There are 2 protein chains.
Amino acid sequence: MVTKPISPRTMGRLPIYYRYLEDLQRLGVERISSDQLAQRIGITGSQLRQDLSAFGQFGHHGLGYHVGPLLERVSELLGLKQPHRLVLVGAGNLGRAVASYAGFARRGVRIGRIFDVDPQLIGTEIAGVPVAPMRDLGAYLASEHIDVGIIATPAASAQETADILVAGGVRAIWNFAPLRLTVPDRVLVEHTHIIDSLLHLSLRLHMQE
Amino acid sequence: MVTKPISPRTMGRLPIYYRYLEDLQRLGVERISSDQLAQRIGITGSQLRQDLSAFGQFGHHGLGYHVGPLLERVSELLGLKQPHRLVLVGAGNLGRAVASYAGFARRGVRIGRIFDVDPQLIGTEIAGVPVAPMRDLGAYLASEHIDVGIIATPAASAQETADILVAGGVRAIWNFAPLRLTVPDRVLVEHTHIIDSLLHLSLRLHMQE
DNA sequence: TAGATTGTTAATCGATTAACAATC
DNA sequence: TAGATTGTTAATCGATTAACAATC
């Protein structure tokens with residue numbers, strides 16, 4: 001189905017295309033030209049067409065692109081057609097924020113359980129997901145097939161958590177703790193360091209002066 | 001002081017250089033060669049030297065780079081030498097997580113006040129920062145000089161919040177709400193959409209299959 | 001059909017890598 | 001000095017833009 005190899009830069013833009021197409025669909029827009037969509041996103045129409053052509057022919061000469069089918073295709077490329085099964089480790093503010101994120105269910109992302117060391121939290125639910133004691137994480141992973149582990153623990157326990165997740169067979173780790181994790185090559189790590197965003201903003205402010 | 005124009009890609013890597021240099025400093029490493037540092041980061045030594053040469057000569061032939069002075073220079077470029085004054089709007093889980101982020105103080109980032117609509121929270125403190133009622137935001141901005149407004153409200157009130165922040169004279173908005181904000185050109189917007197990270201991870205997982 | 005817009009080729013632009021003289 | 005490593009130039013590679021024939 002993939003007609004040409006998709007370049008890294010194009011891949012990096014897929015989440016953005018996905019979000020904009022979702023917005024259009026929600027607004028009831030059925031068709032849009034490459035120039036119109038590109039303008040919203042802030043890129044050139046040429047670049048958008050170049051990107052889209054890497055994974056199929058979706059446009060209609062003279063008419064533009066149908067939002068629905070294009071969104072389907074982008075979703076498929078993003079791997080959103082298969083549901084993802086996740087566990088979340090760390091039920092502090094950040095963990096709670098992640099667990100409560102409204103957009104997951106709609107995209108096939110299911111957090112099966114939350115793990116934390118705080119005895120006060122054990123047995124409670126956060127956003128409908130039960131909180132279990134950290135020491136049960138290994139056993140849980142052994143009994144359930146989990147794709148992704150989310151680490152929202154303090155930095156001090158993040159590596160230890162990663163080790164348990166890896167031993168439990170996760171294929172990827174989504175890491176919010178402010179440190180680099182050491183994992184085997186076969187395990188993907190996505191770092192989400194909010195400080196990077198702030199540093200980037202600070203840089204832009206500074207350049208503007 | 002800036003010797004050559006710094007390319008967008010190089011600018012994008014500055015936060016990463018900053019974090020790695022911080023780590024090295026904390027570990028007590030005083031000197032490092034471009035090849036060693038590049039290897040840690042996962043880029044080539046050539047690229048690192050090319051990047052660093054854009055903003056000065058820091059290396060010592062045969063010896064490598066001194067971590068301290070280089071970190072100083074990168075901090076300066078990132079605008080971390082001037083303290084930033086921020087307000088945070090929205091004291092939900094995400095807002096609390098941002099307010100509690102330990103790395104801000106060290107980098108000259110100060111959240112002066114938190115605003116929320118929940119009467120229960122008014123008068124309390126989060127991470128030592130007082131929570132004030134949302135309706136006082138405009139007056140607060142008029143009385144204090146604030147650089148950046150952080151939006152951690154639900155999507156439904158994010159644009160309204162942005163309007164108040166803009167009217168209050170902020171130069172930039174750090175937006176966590178899952179929607180695009182409309183602001184005048186002079187106001188910078190940094191979007192931090194955690195869903196993008198997950199989509200990117202999902203894509204990588206999917207490509208690997 | 002006439003007008004609009006795609007998909008694709010070719011041209012341009014920018015970023016990364018390779019190589020090495022300079023130099024500590 | 002000999003060895004190591006920078007800073008920079010030139011070569012390569014890849015991504016973006018421009019242009020337009022194809023086509024609905």
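Predicted model, so just to flag it, every value in this text is computed and none were measured.
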Grab the [atom1]-[atom2] distance between [X] and [N] for me, whole Å please.
X: B:Ile32; N: D:dT6; atom1: CD1; atom2: C1'; answer: 15 Å
X: A:Phe55; N: C:dT8; atom1: CZ; atom2: P; answer: 13 Å
X: B:Gln36; N: D:dA4; atom1: CD; atom2: P; answer: 12 Å
X: A:Gln39; N: C:dT5; atom1: CD; atom2: C1'; answer: 15 Å
X: B:Tyr65; N: D:dA4; atom1: OH; atom2: P; answer: 18 Å
X: A:Arg9; N: D:dT16; atom1: CZ; atom2: C1'; answer: 9 Å
X: A:Gln47; N: C:dT6; atom1: CD; atom2: P; answer: 15 Å
X: A:Asp51; N: D:dG14; atom1: CG; atom2: C1'; answer: 13 Å

Looking at B:Arg19 and A:Asp196, is any side-chain nitrogen of the basic one under 4.0 Å from a carboxylate oxygen of the acidic one?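 Looking at A:Asp196 and B:Arg19, the cut-off is met.
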Closer than 4.0 Å, any side-chain N/O of [X] to the OP1 or OP2 of [N]?
X: A:Ser34; N: C:dT6; answer: yes
X: B:Arg31; N: D:dA4; answer: no
X: A:Gln57; N: C:dG7; answer: no

Judged by atom type as modelled, is there a donor-acceptor pair below 3.5 Å linking the side chain of B:Ser157 to the main-chain atoms of B:Thr153?
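Not at all, since once roles are kept as given, no pair shorter than 3.5 Å links the two residues.
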Donor + acceptor pair across side chains of [X], [Y] (<3.5 Å):
X: A:His66; Y: A:Glu30; result: no
X: A:Arg73; Y: A:Tyr17; result: no
X: A:Asp163; Y: A:Gln159; result: yes

Contact string for nucleotides 18-24 of chain D, one letter per nucleotide 5' to 3', B = base within protein heavy-atom range under 4.0 Å, S = sugar-phosphate only, - = neither, reads BB--BBB
Margin query: Base, sugar-phosphate or nothing for B:Thr10? Non-hydrogen atoms, less than 4.0 Å.
Written below: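 Here B:Thr10 touches no strand at all.
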request  = Could you check which nucleotide pairs with C:dG14 in any of the strands shown, counting Watson-Crick or G-U wobble with both distances under 3.5 Å?
outcome  =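 The base-pairing partner of C:dG14, which may sit in any strand shown, is D:dC13.
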| query | Is there a Watson-Crick or G-U wobble partner for C:dA21 with both distances under 3.5 Å, and if so, which one is it? | reply |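 For C:dA21, the partner nucleotide comes out as D:dT6, under the 3.5 Å rule.
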Exercise. Answer yes or no on whether B:Arg180 is positioned over the face of A:Tyr20, meaning its NZ or CZ is under 6.0 Å from the six-membered ring centre and within 45° of the axis.
Key: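 Output yes; distance and angle both within limits.
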Residue pair B:Glu144, B:Arg113: steps toward the salt bridge (Lys or Arg N to Asp or Glu O under 4.0 Å) verdict
CA-CA 11 Å; B:Glu144 303 278 327; B:Arg113 198 152 300 184; over 6 Å; no
